Each structure stands twice: as structure tokens, then as C-alpha cells.
There are 2 protein chains.
Amino acid sequence: MVLTRKTPTIQDVALRAQVSSATVSRVLSAPERVSEKTRERVNAAVRDTGYSINQAARSLRMKTARTLLMVAPNIGNPFYSVILDAVIDEAQKRGYGVLVGTNIGLDPGRWLTDYLLSTRADGLLLFHGGLDPEDLHTFAREEGISLPVVASYDEPPAPLVTSVVTDNRAAAARAVRYLMQLGHTKIGHLAGPVRNNRPNERLLGFEEAMTAANLPLNPAWILPGNYDQPGGIAAARAILALTERPTAMFCGNDESAFGFIHGLREGGVECPRDISVIGFDDVGQAEIYHPTLTTMRQPREDLGRVATRRLIDIIEKRETPTDPVHVVLPAELIIRESTRALDSSGR
Amino acid sequence: MVLTRKTPTIQDVALRAQVSSATVSRVLSAPERVSEKTRERVNAAVRDTGYSINQAARSLRMKTARTLLMVAPNIGNPFYSVILDAVIDEAQKRGYGVLVGTNIGLDPGRWLTDYLLSTRADGLLLFHGGLDPEDLHTFAREEGISLPVVASYDEPPAPLVTSVVTDNRAAAARAVRYLMQLGHTKIGHLAGPVRNNRPNERLLGFEEAMTAANLPLNPAWILPGNYDQPGGIAAARAILALTERPTAMFCGNDESAFGFIHGLREGGVECPRDISVIGFDDVGQAEIYHPTLTTMRQPREDLGRVATRRLIDIIEKRETPTDPVHVVLPAELIIRESTRALDSSGR
DNA sequence: TTGTACGCGTTATCAG
DNA sequence: CTGATAACGCGTACAA
């Protein structure tokens with residue numbers, strides 16, 4: 001741009017208001033420490049000059065960026081995007097910006113360095129199950145640096161890291177029990193990915209509920225998935241190839257459930273007529289899919305908001321990161337069309 | 001955190017490598033200007049100290065943040081989240097971070113100030129149709145500041161602003177012509193929102209195609225929408241209340257098409273049996289919805305990548321913002337189940 | 001090829 | 001209540 005004018009600094013404002021730059025700074029950050037008269041003069045000068053604070057200078061001086069880094073495996077998944085929306089909104093309310101990163105599970109040290117240690121972000125919102133927060137913590141400890149982080153995903157929370165999660169295991173068990181209530185005994189599970197070498201919590205909940213009800217776990221009905229549509233379709237094909245099929249399926253999340261139902265339909269098997277399906281998350285599509293999807297609703301917006309608030313509290317030392325808090329939010333069973341009661345004939 | 005150690009600076013590295021801080025700086029930004037021997041010594045020192053650059057100091061000095069601001073109306077919409085994914089990836093490749101903002105259409109001046117003028121972001125990726133880029137430009141001009149911005153959405157591109165868009169009007173007309181090819185003449189449209197007082201391009205394309213084919217525009221079949229599911233459901237109810245209904249509907253985007261189909265079904269009207277529906281975007285769900293959705297595919301990932309590249313080019317002065325480029329990407333007709341040919345009886 | 005020294009725009013400390 | 005001044009950590013003339 002041609003007529004680029006030097007953007008006004010705090011000095012320019014000070015000059016115009018006939019005060020020192022220190023006073024301007026005070027008006028901006030602690031107005032009560034300045035007399036009413038000068039305060040007004042300064043504010044007028046701010047308006048006149050069109051002054052706006054230089055974040056870089058401020059960050060350099062304060063050693064804080066007023067920015068959060070959110071990391072999620074795949075923003076393209078509607079599950080995360082709603083969370084991101086909430087995070088942005090909540091962060092903005094407290095004067096923080098939100099930087100977003102994906103696919104950075106490869107070299108944690110490197111991007112952690114790039115963002116957190118470089119005064120680009122003050123804290124980390126970890127929605128990425130592929131990254132072990134404990135590792136991060138040990139890494140940070142070795143480096144001797146502070147690392148405010150809040151984790152939120154479906155693995156069991158690492159004890160050392162503040163976390164905000166839904167009780168995945170309990171919710172999964174609840175989903176399975178609902179299928180049982182409908183009379184199903186031949187129940188399968190489309191599992192999510194295994195991360196950090198820890199068992200998937202929803203799978204554990206599934207097994208727990210089945211065992212508690214003395215129902216057999218048929219290995220052929222427990223299929224690996226990746227929380228995505230293709231995984232659901234593949235699982236459907238596997239089920240279609242079986243001579244003995246489950247009458248109900250608990251899918252690890254909604255995306256995979258949609259894929260699963262679609263895959264079944266391609267093979268002439270209808271949901272819920274032939275197989276009942278229950279999902280997990282309650283994304284927007286669940287309500288208008290055909291059939292509408294029975295699912296365990298995760299309070300996604302709350303997840304995002306609470307995690308953001310806690311992280312900012314940690315950053316601003318309102319909360320001590322050495323004594324991590326683990327917030328558990330409840331999931332809710334949402335009954336729709338994709339599940340039906342087994343009639344007496346066992347069909 | 002307790003044992004917080006001072007993070008190493010360029011000085012610490014210099015000390016250890018027995019060179020001056022200037023040399024370290026050079027090794028980092030222009031390695032070829034340093035002799036091989038010292039370069040190696042410095043690199044070793046960087047590793048040893050665990051040094052990482054302080055972005056704040058760098059930004060202050062360079063007057064650049066190496067950060068992009070992406071603004072979209074609603075990240076929760078899967079359409080945008082895929083774009084965001086591409087933007088992040090592309091930006092990262094060129095060493096830029098991505099800050100995300102939403103709901104900031106309220107006071108453009110204010111947040112523009114907060115982000116762009118405060119060295120938080122170097123440029124603006126505008127996916128928000130509710131914001132007029134021309135206004136932004138005039139605002140920036142009045143302020144006498146440079147404002148690198150690339151716009152991308154479904155309104156006609158503002159001449160002064162570099163833009164990357166799909167040819168919405170042509171694509172809309174193509175969609176409508178496809179319905180005609182199937183024998184439909186009673187065609188309705190579920191429109192998107194009107195923004196910046198400019199007519200919606202997809203609506204124009206619809207009207208264009210209808211007029212060109214000498215087909216009547218029935219006002220009762222042209223319904224207002226908002227590119228979302230509830231709008232689609234409401235439109236379906238309106239159509240259901242009619243005695244004479246269209247045999248085909250062109251929906252402004254996929255989200256609203258899903259809602260529309262769902263709403264019809266609730267009223268006992270089936271797609272495509274009773275009404276054919278074509279959408280716009282080709283979001284992930286389109287492929288597994290029931291019925292799978294015929295739609296105009298927008299190259300979302302390309303949209304994000306190209307826009308990002310152009311913006312960075314502008315920022316780095318490889319491209320002049322005073323002579324804006326308008327990139328138009330083609331949309332592709334994806335034929336699936338939600339549209340069917342009208343049989344001879346006219347049903 | 002390398003070193004010295006200054007300034008980017010803030011905030012915090014210390015006097016007054 | 002206000003002003004002078006010293007950092008914060010980096011890049012870059014300019015000099016050697």
C-alpha cells in the first residue's frame with residue numbers, strides 16, 4: 001500500500017495529551033491510578049490519533065502473548081469445529097486470541113517450541129488424543145519451563161494434567177445398557193482408535209456393560225475404526241460378510257455411525273429394521289440423518305468453554321497447575337430412530 | 001510452575017558459541033553469510049541451550065507477526081472447517097500461524113484494530129460474507145494503513161480486493177440446468193442469505209437459468225434460507241403447505257438441503273420420489289446421507305490453499321495489493337441419488 | 001566474515 | 001498522581 005502512515009505509538013498519544021508515555025500506559029491498563037482530568041485528556045488523544053496497542057512490544061515486555069493454542073487432530077470433523085467455536089468465543093471474552101494447529105503430533109518438541117516457548121501462545125488446549133500430555137509435561141519439566149495445558153479428549157485424563165472430559169466409559173456403558181433395555185443381546189462395537197497405548201475408554205465401557213450383563217463378547221463384532229466415515233463403511237462390510245450378525249451396534253462416534261449405517265444400506269441391510277445403531281457425540285447431523293441417530297450427547301460447547309476458562313485461570317495464576325483439576329461432564333442419552341426394540345421373535 | 005528457568009536468549013547462545021549475538025542472528029536468518037566453521041559452532045550452541053526464537057521480540061523489530069487471521073461466520077459449519085484445515089496446513093508450510101475469529105462482523109473497526117494494527121496478524125483471510133471487504137479497504141485507507149486481505153465467499157468479489165472464489169453464479173445455473181435435463185420444469189430455490197446489500201449469486205444463477213429456459217419463476221417456490229439446517233426444515237414446511245409444489249428444488253448449500261429433505265420426510269414427502277433436491281458445496285455428509293445428495297462440489301481445500309498462498313504473497317510483497325487478482329475456481333456437478341428424472345406422466 | 005551499538009514500543013521501578 | 005528511565009530480545013546499519 002502506498003500511503004502507509006506510521007502507526008501511532010504510545011509516545012504520539014503522550015505528546016498530544018501533554019503527558020508522559022508512562023501515564024498513557026497507566027490510563028490503558030490501570031485507569032484508576034490516574035486523575036480524572038488527565039485520564040480524559042489521554043482518552044481523547046487515543047481517539048484522535050487512532051492509537052492501538054502494539055501487541056508485540058507488549059508481549060516482549062510482559063512475557064505473555066494473550067493467545068491460546070488449540071490443537072485438534074482434525075478440525076474438519078464437525079465434533080471439533082463446534083468446540084473451536086466455543087473456545088474462540090470464550091477466549092475472546094477474556095481478551096485472548098486463539099491460534100489453531102493440526103497435524104502436529106509428529107514432533108511435539110518442535111512445535112511446542114515454536115509456539116509455547118516463543119511467546120506466541122501462553123497455553124495449550126489439547127483436544128488431540130494422539131498426543132500424550134504427560135510426555136509434554138515431562139518434556140516441559142526437563143526444559144525447566146512452565147507449560148499451562150488443559151487436555152480434553154476421550155482417553156482417561158493424565159493425573160498430572162488439568163483436564164475437562166466427558167465420562168466416556170460411563171457414557172459408553174449407558175449406551176450399551178440402553179440397547180439391552182430394548183432387548184438386544186447380540187451387540188457389537190465399532191471402536192475408536194487406540195492412542196498413547198491406552199485402551200479406548202468407550203471400548204472399555206462397552207466391555208464393562210456387556211460383562212456386567214453376562215453377555216458374550218463376540219470378537220467378530222468388535223471392529224476397529226477411526227472415528228470417521230470410511231471406517232464405518234468398512235465395518236459395515238465386515239458385518240455384512242458375517243453369517244451371524246449382531247442385532248445392535250454401538251459405534252464409537254456419530255461420524256463412524258453414519259458411515260456404518262450407510263454401508264449397511266448398500267448391502268441391503270436397513271437400520272433400524274435389521275440392526276439398531278447408537279452413536280456418540282450428537283453432532284448436528286444426527287438430528288436430520290435418516291434414520292435420525294440415537295446417540296450419547298457430549299456437551300461439546302461446555303467442553304470448549306470450561307477448558308478455555310480453566311486454561312486462562314492457570315495462565316493467570318488463578319489456579320495452580322501443580323495441583324491439576326479434573327472436570328468430568330456428563331453425557332446424555334438422546335433417543336431417536338436408529339434404535340428399536342427387538343420384538344419377541346428375536347428379530 | 002516452580003522451577004521455571006529463564007528461557008535462553010540469543011545472547012546465551014552467543015556466549016556459549018564464543019561469538020556475538022549478531023552472528024547468531026545471522027546464522028538463524030541468513031546462514032550463507034556466516035562461515036561454515038562458526039555456523040556449526042552456533043548451531044551446536046543452539047541445540048545445547050535449547051534456544052528458541054522469541055517471536056514477540058522478532059515481531060517488534062520486524063513489524064510482522066508471521067500470523068494470519070482467518071475470519072469465518074461459523075466454524076461449526078463443516079464447510080468452513082475443511083477450509084480452515086487447508087489454511088492451517090498451507091500457512092504452516094510457509095512459517096505462519098493461524099489465528100481464528102468468528103462473530104466479529106459487529107464492529108469491523110474494532111477487531112480490525114485489535115488484530116491487524118496491533119502486530120498480532122499480518123493479513124486477513126476473509127471467509128465471512130457478512131463483512132464487506134470494500135468497507136475494510138476504505139477504512140484502512142482512511143487510517144492510512146496497509147491491509148493485506150484475501151476474500152473468499154459467495155458474493156461477487158469486490159473489485160479492489162484480491163479474491164479466490166468459485167463461480168457461484170455459473171455453478172448455480174449448471175445445477176438448475178441439470179434439473180431441467182432430468183425433465184423438471186417446476187423448479188424452486190432455497191436461497192442463501194443476502195449480504196452487503198448485494199443479491200445472492202446462487203439465486204441469480206438460478207434465475208438466469210430459469211429465464212434462459214423460458215421457465216416461470218414461481219415466487220412461492222423461492223424461499224429465504226440461511227445456509228443452515230433449520231432454514232431447510234422451515235422451507236420444507238412452507239412447501240408442504242402448498243397445493244402446487246415444485247418437482248425439484250435447488251438448495252443454496254448442502255446443510256440447508258439436508259434440512260429440507262428431512263423436513264419433507266417429516267411431512268411424508270420423499271426425496272427423490274416426490275421432489276428432487278440438489279445442493280451446493282459437497283460436504284462430507286453428502287456422500288452418505290440418505291438419499292446421497294446430488295450437489296455442486298466446491299473445491300474447498302483448494303479455496304483455502306490458494307487464498308492462503310495469495311495472502312502470504314501479498315504480505316511478503318511478492319504480489320501487489322493495489323492490483324488485485326481474482327481467482328475463480330470451477331465447481332463440479334456430482335450426481336447422486338437425491339435427483340431423479342421425471343417420468344413421462346410428469347411425476 | 002564478524003562485532004558494536006542502537007532502536008523497535010511497551011511496562012515497571014523509582015523518584016518526585 | 002506523574003515523569004524519567006531502564007529493560008524485554010531481536011535484527012541491522014555501520015565499522016572493523
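Throughout, protein chains are lettered first and strands after them, A, B, ... in sequence-line order, and every chain is numbered starting at 1. Keep in mind the model is a prediction, meaning the values are calculated, not measured.
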Strictly by salt bridge (charged side-chain N to carboxylate O under 4.0 Å, His left out), give each pair with a member in residues 51-60 of chain A just once, sequence neighbours left out. none

End-to-end bend of the helix from dT1(C)-dA16(D) to dG16(C)-dC1(D) (five-pair axes, 10° rounding)? 30°

I10(A) side, atom CD1; L15(A) side, atom CG - distance, nearest 0.5 Å: 12.5 Å

Atom pair distance, as rounded to whole Å: CZ in R66(B) and C1' in dC10(D): 15 Å

Nucleotide dT1(C), atom P - distance to CD of E32(B) in whole Å: 10 Å

Listed by chain and number, what are the side-chain hydrogen bond (donor to acceptor under 3.5 Å, both in side chains) partners of Y51(B), not counting sequence neighbours? none

Those residues that, when tested against E40(B), pass salt bridge (charged side-chain N to carboxylate O under 4.0 Å, His left out) (two or more places apart): none

Where the side chain of D122(B) meets the backbone of I315(B), is there a donor-acceptor pair that is under 3.5 Å apart? no

Which pairs would a plain distance check flag for residues 21-34 of chain B, meaning a side-chain donor or acceptor within less than 3.5 Å of a matching protein atom at least two apart in sequence or in another chain?
from, atom 1, to, atom 2, distance (Å)
T23(B), OG1, S20(B), OG, 3.4
S29(B), OG, S25(B), O, 2.9

My understanding is that only residues two or more places apart in sequence, or in another chain, count here; which of them pass salt bridge (charged side-chain N to carboxylate O under 4.0 Å, His left out) with K93(A)? D89(A), E90(A)

Assign each of S20(B) and L60(A) to its nearest nucleotide of DNA chain C by heavy atoms, then name whichever residue's nucleotide is nearer the 5' end. S20(B)

D48(B) meets the salt bridge (charged side-chain N to carboxylate O under 4.0 Å, His left out) criterion, sequence neighbours left out, with R16(B)

Identify, residue by residue, the members of residues 34-47 of chain B with a heavy atom below 4.0 Å from DNA chain C, and return them in order of residue number, or none. V34(B), S35(B), T38(B)

How would you list, by chain and number, every residue that makes a side-chain hydrogen bond (donor to acceptor under 3.5 Å, both in side chains) with S81(B), sequence neighbours excluded? none

Going by the rule side chain to side chain contact (heavy atoms under 4.5 Å, CB included), which residues pair with L329(A) if we only count those two or more places apart in sequence or in a different chain? V164(A), T166(A), P299(A), D302(A), L303(A), V327(A)

Is the distance from OP1 or OP2 of dT11(C) to the nearest side-chain N or O of K63(A) less than 4.0 Å? no

Between C1' on dG7(C) and CG on N54(A), what's the gap in Å once rounded to a whole number? 13 Å

Roughly, in whole Å, what's the span from CZ in R120(B) to P in dT10(C)? 14 Å

Determine, for nucleotides 11-16 of chain D in 5'-to-3' order, which nucleotides have protein heavy atoms under 4.0 Å from the base (write B), from only the sugar-phosphate (write S), or from neither (write -). BB----

Those residues that, when tested against Q11(B), pass side-chain hydrogen bond (donor to acceptor under 3.5 Å, both in side chains) (two or more places apart): none

